[in-house]
J.: 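Take a look at this one; I'll ask things after.
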There are 2 protein chains.
Amino acid sequence: MDRIEEWSRELFSFDVRPFLEERIFTPGEFILREGSFPQHLYFLTQGRAKIYTTHKNGKVSLLSFPAAPDLIGDMELLEVRRGSLCVQALTRCHFWVVDSRRCLPQLREDPKFLWFLCNHVARRSARQTSTLTIQQAYPLRNQLAAFLLMASEGDRYRQRHTEAAEYLGVSYRHLLYVLAQFRQEGLIAREGGEYRILDRAALEALAAG
Amino acid sequence: MDRIEEWSRELFSFDVRPFLEERIFTPGEFILREGSFPQHLYFLTQGRAKIYTTHKNGKVSLLSFPAAPDLIGDMELLEVRRGSLCVQALTRCHFWVVDSRRCLPQLREDPKFLWFLCNHVARRSARQTSTLTIQQAYPLRNQLAAFLLMASEGDRYRQRHTEAAEYLGVSYRHLLYVLAQFRQEGLIAREGGEYRILDRAALEALAAG
DNA sequence: GAATTTATATGAGAAATCTCACATCCGGAA
DNA sequence: TTCCGGATGTGAGATTTCTCATATAAATTC
């Protein structure tokens, strides 16, 4: 496969292929589980997963939906986190898996890879900053508007409400409440099993705060 | 100053001193302002600052209180953020300032520095993940307990309520409400201008969820 | 020192959000 | 097919949190 060669040349200064393995996870399968200590770096090349954590009070926080191309296991490589999150495949997921334990010395000396990693982690941090402050400053109404726009394909929105609630950090009940409000205001409409965006401009205005 | 030399040897493979400058900010002074594009990396060696952002609806989110040793301007160096945050000195702040524009080529090739940067950014991201999910899953009661323990020195808590409210992402009114609750339950007591922690164990239990 | 701002404090009522209860619908497993 | 767990939807009432008004104390400015 020369896709691998091209890709590995782009991200690494050294030949990473000896430490590389291709791997496929089926829907529902765990890439990382709470309490596990991965020794690998997972490059998601195809598919979609979800990252979440469960709290002592039983609530689940859905952190993100990584989709190809993305990187999983970076925080664990940097040893800033120790198995506090779950990563689970949503669709069939293809990975290029780097045995980071075996090639850690090379990784630590590879400016090309490290620059990529810095950018990757920093981008995630910037997203989190934004999510965190928006969540502190606005009610669900505004956040949901942004989420509808972000998670819809064209005018169609078809996410599981259970997942959306966990992602937005509100109760299922309240999510349905605000969705009903939007419907009543003519911003969205239900069509069979999914929703259709009727007034994109109004949602964008809400999302912008 | 050989403190600088020692420090620069620890973080950089190349001689960073030609690009280095020492700088002091007085309390209240801005290190970064909203809308500015810093071309520098600020190593906080002494003092304490605050990072915040203001939303369109007027609310202020206090993100963190960087204290020495810490790093400011890293996200901007990596170009994942463009002047959306304010950083303001709380106490007199001493910095070692690297002119990152002039030495960007060296920085991008320096695995020692990049490894440090990765770790730094990743640690911040891990903190944010934790903050974000805890905030989604628990009411102020629990978060405040954690904050009191974190922000107190010994048994004494003496933070500005205005700042605490912005940091915790709740209204001033509500913060006072829950503080009064804690007082009534005998967890804390007011002593002059400050508070004293009476029942650390109970607070720890609350903080743990 | 007077004036002005900023922080502290508290009340009342409204809005946002949560919990729990219950009904329906659908897809997969036996 | 039947059964069952999960997802959807809705109601009622409780809890958390917000907004606004108001008052005083402390700090800053002039």
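First the proteins, then the strands, lettered A, B, ... as listed; each starts at 1. Atoms considered below: every heavy atom in the structure, side chains included; atoms not considered: hydrogens, waters and symmetry mates.
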J.: Evaluate salt bridge (Lys or Arg N to Asp or Glu O under 4.0 Å) for B/Arg17 paired with B/Glu5, printing each intermediate quantity in order.
T.: CA-CA 8 Å; B/Arg17 284 172 297 169; B/Glu5 189 177 336; 3.7 Å; yes

J.: What distance do B/Leu77 atom CG and B/His40 atom NE2 have between them, rounded to the nearest 0.5 Å?
T.: 11.5 Å

J.: So, does the side chain of A/Arg190 form a donor-acceptor pair with the base of D/dG9 at under 3.5 Å?
T.: no

J.: What is the distance from CG of A/Leu179 to C1' of C/dA16, rounded to the nearest Å?
T.: 15 Å

J.: Choosing from C/dT17, D/dT17, D/dT10, which nucleotide comes nearest the side chain of A/Pro139?
T.: C/dT17

J.: Show the nearest heavy-atom pair for residues A/Val80 and B/Ala126, with the distance to one decimal.
T.: O-CB, 4.0 Å

J.: Let's see if you can work this out: which of D/dT10, D/dG9, D/dT17 has an atom nearest to the side-chain heavy atoms of A/Arg173?
T.: D/dT10

J.: Classify the nucleic acid contact of A/His161 as base, sugar-phosphate or nothing, counting any heavy atom under 4.0 Å across all strands shown.
T.: sugar-phosphate

J.: Between the base of D/dG6 and the side chain of A/Arg160, is there any donor-acceptor pair under 3.5 Å?
T.: no

J.: Rounding to an integer number of Å, can you tell me how far B/His174 NE2 sits from C/dA9 C1'?
T.: 16 Å

J.: Between atom CD in A/Gln181 and atom P in D/dG9, what is the gap in whole Å?
T.: 16 Å

J.: Does A/Glu163 or B/Gly169 map to a spot on DNA chain D nearer the 5' end, using the closest nucleotide for each?
T.: A/Glu163

J.: A/Gln184 CD to D/dT10 P: how many Å, rounded?
T.: 11 Å

J.: Just how far, in rounded Å, is P of C/dG13 from OH of B/Tyr177?
T.: 11 Å

J.: Is A/Arg141 salt-bridged to A/Glu185, cutoff N-O under 4.0 Å?
T.: yes

J.: Taking CG from B/Leu176 and P from D/dT24, how many angstroms apart are they, rounded to a whole number?
T.: 17 Å

J.: I need the OH-C1' distance between B/Tyr172 and C/dT6, as an integer number of Å.
T.: 10 Å

J.: Over how many whole Å does the gap from B/Asn57 atom CG to D/dT19 atom C1' extend?
T.: 13 Å

J.: Between D/dT17 and B/Lys59, is there an OP1 or OP2 to side-chain N/O distance shorter than 4.0 Å?
T.: no

J.: For a quick check of understanding: with a heavy-atom distance under 4.0 Å over all strands, which category does B/Thr162 fall into, base, sugar-phosphate or nothing?
T.: sugar-phosphate

J.: Taking atom CG of B/Asp70 and atom CZ of B/Phe95, what is their separation to the nearest 0.5 Å?
T.: 9.0 Å

